[in-house]
Amino acid sequence: MAVIGEETEPAATGLPQSVVMASTPASLQSPQQLAEEVSRKRELRLMKNRKAAKECRRRKREYVRCLETRLTMLEVQNKKLIDELNYLKEIYSGISS
DNA sequence: ATTTTAGTACGTCATTTAGC
DNA sequence: GCTAAATGACGTACTAAAAT
């Protein structure tokens with residue numbers, strides 16, 4: 001499987017931790033915290049996609065079931081129509097001869 | 001009894017689609 | 001254009017049925 005892009009670590013700022021933390025979007029956290037954040041986000045994403053995939057397959061199965069049901073109904077209907085056609089042909093051939 | 005085969009559901013990654 | 005959700009594609013694990 002393809003490797004996901006490496007997270008590039010922010011260069012050390014040399015600033016006191018308090019200053020760094022005070023002004024902090026995710027970019028300036030300890031590498032530890034950053035790594036945890038990344039892996040947390042990944043787990044969350046995988047979880048969501050897992051759920052989505054299940055739902056997607058469920059809908060697909062349902063869709064196929066509907067098609068199969070419809071197919072069965074149409075086959076029955078087709079058979080009836082063929083029978084009716086043959087019956088009418090029968091009658092007509094009797095009349096026209 | 002065991003191996004092989006075919007069918008099924010699942011998780012993940014890559015790509016597409018839809019809504020903002 | 002960006003993001004989250006939906007879907008396609010692929011590999012894996014499990015199981016029941018068939019072949020040996």
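Just so it is clear: chains get the letters A, B, ... in the order the sequence lines come, proteins before strands, and each one is counted from 1. All of these numbers come straight from a predicted model, not from anything done at the bench.
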TODO: Using a strict cut-off of less than 4.0 Å between a Lys/Arg side-chain nitrogen and an Asp/Glu carboxylate oxygen, indicate whether A:R65 and A:E68 qualify as a salt bridge.
DONE: no
Open item on the list: In whole Å, I'd like the distance from the CZ atom of A:R59 to the P atom of B:dT17.
Closed with: 16 Å
TODO: State whether the distance check finds a donor on one side and an acceptor on the other, under 3.5 Å, for side chain A:R57 versus base B:dG11.
DONE: yes
TODO: Could you pull out all residues at least two apart from A:R61 that satisfy side-chain hydrogen bond (donor to acceptor under 3.5 Å, both in side chains)?
DONE: none
- [ ] Report the distance from atom OH of A:Y63 to atom C1' of C:dA6, rounded to the nearest whole Å.
- [x] 16 Å
- [ ] Answer whether the closest heavy-atom distance between the side chains of A:Y87 and A:I91 falls below 4.5 Å.
- [x] yes
Open item on the list: Between P on B:dT12 and NZ on A:K54, what's the gap in Å once rounded to a whole number?
Closed with: 10 Å
Task: Whole angstrom value for the distance that separates P of B:dA14 from CZ of A:R42 - done: 10 Å
TODO: Take atom CG of A:L46 and atom P of C:dA4, then tell me their distance rounded to the nearest Å.
DONE: 14 Å
Open item on the list: Any carboxylate oxygen within less than 4.0 angstrom of a Lys/Arg side-chain nitrogen, looking at A:E43 and A:R40?
Closed with: no
Task: Protein-nucleotide distance (A:N49, atom CG; C:dA5, atom C1'), rounded to Å - done: 9 Å
Open item on the list: Side-chain N or O of A:K48 versus OP1/OP2 of C:dA5: is the shortest distance under 4.0 Å?
Closed with: yes
Task: Nucleotide C:dG8, atom C1' - distance to CZ of A:R50 in whole Å - done: 19 Å
TODO: Starting from C1' on B:dA14, measure out to CZ on A:R45 and report it in whole angstrom.
DONE: 11 Å
